[in-house]
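Please read the structure below before turning to the comments.
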Amino acid sequence: MRAVAVSALGAEPSLVVVPKPDPSAGEVRVKVEYASLNPLDWQTADGAPDGTAPHSFPLLVGTDFAGRVDMIGGGDNLFRVGDPVFGRLTAPPAGRCGAYGEYLCVAQDAPIALVPDGLPLQHAAALPSAGTAAAQILGGTAVRDGRSLLVIGAAGGVGSFLTQLAAARSLGVVAAVRGDEKRRMAALGAAATVDTTAGPDELASAVADLYPEGVDALVDLVSTDPAAFAAHTALVRDGGVAVTTRGVPGPPGIAWVDFRLDPADSGGELLGALAEGAARGELRVPIEVELPLEKAPQALAQNRAGGARGKTVFVV
Ligand SMILES: NC(=O)c1ccc[n+]([C@@H]2O[C@H](COP(=O)([O-])OP(=O)(O)OC[C@H]3O[C@@H](n4cnc5c(N)ncnc54)[C@H](OP(=O)(O)O)[C@@H]3O)[C@@H](O)[C@H]2O)c1
């Protein structure tokens with residue numbers, strides 16, 4: 001089968017031909033129809049988080065997928081052959097299966113769920129990691145208790161879902177983006193959009209105009225430099241909370257959270273709820289680019305360089 005893989009940590013991803021995987025007991029094999037891109041895909045191929053997690057080579061790239069169950073391993077079954085399913089690959093070793101490939105095997109109790117009627121498979125493929133991160137940030141941190149939220153990097157995958165989910169809970173969202181993204185972010189429910197290329201003063205004055213005491217919560221999806229994260233936390237009011245998804249330490253004197261996708265949320269319940277919301281039209285799935293699988297290596301390089309808007313989906 002065709003798949004995108006790297007031969008070693010840090011190597012360039014390329015399209016290769018590898019054997020079709022066979023499902024073990026408790027797994028299903030999925031004939032993948034769509035995969036979506038997450039920064040986690042190239043970060044994992046680089047060895048994230050620290051190069052010591054178990055990896056399998058060639059390391060098959062990709063986390064989020066949608067397709068149809070094609071074969072069932074032994075044991076109890078939650079799914080039937082032909083079921084439309086979507087989800088994310090989480091089980092170690094990284095790279096044993098990848099979403100950017102024609103077939104993958106996944107445990108039936110992993111974060112996978114049936115695609116509800118009315119939701120196109122490519123929309124389901126775009127939901128798992130970014131939608132789950134947004135929902136867990138909003139539901140599992142003190143962000144949920146606030147009335148206002150500043151999102152740095154709001155135009156990308158996580159930011160697009162987070163903006164919508166927060167606005168749906170009546171939080172006033174200030175979307176910090178690079179470039180002219182006012183219309184896009186307003187359509188997702190942002191109360192205000194700030195172009196950070198105009199400089200830090202622009203962001204500070206936009207926040208001060210709307211929330212003179214500071215925002216209740218910050219989610220920084222971008223800063224890898226502790227000083228940059230600290231500068232953003234200065235826009236949070238006393239007693240507020242700051243969240244990073246980039247593993248950087250926060251400054252003293254503020255409550256901050258180093259967010260990691262919650263492994264305890266291992267089943268498909270949250271995915272199912274997100275997909276139902278998308279099928280009902282309550283959650284927009286912001287697919288920006290749809291590409292053939294052959295273009296995945298270039299798309300990964302492009303994502304690493306920046307400029308992501310919404311989600312990129314591959315037709316496998
Ligand atoms: N720890 C976890 O469990 C976890 C879970 C999910 C995501 N994450 C991490 O969170 C990050 C975001 O994920 P994602 O899926 O949303 O990534 P993405 O789709 O690539 O989006 C990132 C967005 O940030 C924007 N950006 C970059 N620098 C900016 C700046 N200075 N000001 C404003 N916007 C800026 C990018 O556009 P421009 O380049 O054009 O500015 C892009 O729109 C990734 O690094 C991901 O690995 C971590």
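Note that the structure is predicted; figures quoted are calculated from it, not measured. Each ligand, and each atom within it, is numbered from 1 in the order the structure gives. Residue numbers run from 1 in the order of the sequence given.
- Looking at every heavy atom in both residues, Ser36 comes nearest to Ala125 through OG-O, 2.8 Å.
- Heavy atoms of Gly307 approach ligand 1 to within less than 4.0 angstrom.
- Asp70 and Arg29 are joined by a salt bridge, as a carboxylate oxygen and a charged side-chain nitrogen come within less than 4.0 angstrom of each other.
- For atom 1 (N) of ligand 1, the nearest non-hydrogen atom of the protein is Phe259 O, 3.0 Å.
- Taking every heavy atom of Val222 and a limit of under 4.0 angstrom, the matching atoms of ligand 1 come to 24 (O), 26 (N), 27 (C), 28 (N), 29 (C), 30 (C), 31 (N), 35 (C).
- Every atom of ligand 1 is numbered from 1 in the order shown, and the set under 4.0 Å from a heavy atom of Gly306 is 39 (O).
- For atom 21 (O) of ligand 1, the nearest protein heavy atom (residue, atom name, distance) is Gly156 CA, 3.3 Å.
- The protein non-hydrogen atom at the shortest distance from atom 37 (O) of ligand 1 is Arg309 NH1, 3.0 Å.
- Here Ala176 has backbone heavy atoms under 4.0 Å from ligand 1, and that is the only part of it that gets that close.
- With hydrogens left out, the protein atom closest to atom 25 (C) of ligand 1 is Gly153 CA, 3.9 Å, a heavy atom.
- Shortest contact from atom 42 (C) of ligand 1 to any protein heavy atom: Ala308 O, 3.3 Å.
- Each of the following atoms of ligand 1 lies closer than 4.0 Å to a heavy atom of Ala155: 43 (O).
- For the residue pair Asp41/Tyr100, the side-chain donor-acceptor check at 3.5 Å is satisfied.
- Within ligand 1, counting atoms from 1 as listed, the ones closer than 4.0 Å to a heavy atom of Asn303 are 20 (O).
- Among all protein heavy atoms, the one lying closest to atom 19 (O) of ligand 1 is Gly157 N, 2.9 Å.
- Contact check on Arg260 versus Asp258 returns a salt bridge, with a Lys/Arg side-chain nitrogen under 4.0 Å from an Asp/Glu carboxylate oxygen.
- Among all non-hydrogen protein atoms, the one lying nearest atom 3 (O) of ligand 1 is Leu261 N, 2.9 Å.
- In terms of polar-atom proximity, Ala130 is not counted as a contact of ligand 1, lacking any N or O under 3.5 Å from an N or O of the ligand.
- Listed by number with element, the atoms of ligand 1 under 4.0 Å from a non-hydrogen atom of Gln43 are 45 (O), 47 (O).
- In terms of protein heavy-atom proximity, atom 41 (O) of ligand 1 is closest to Arg178 NE, 2.5 Å.
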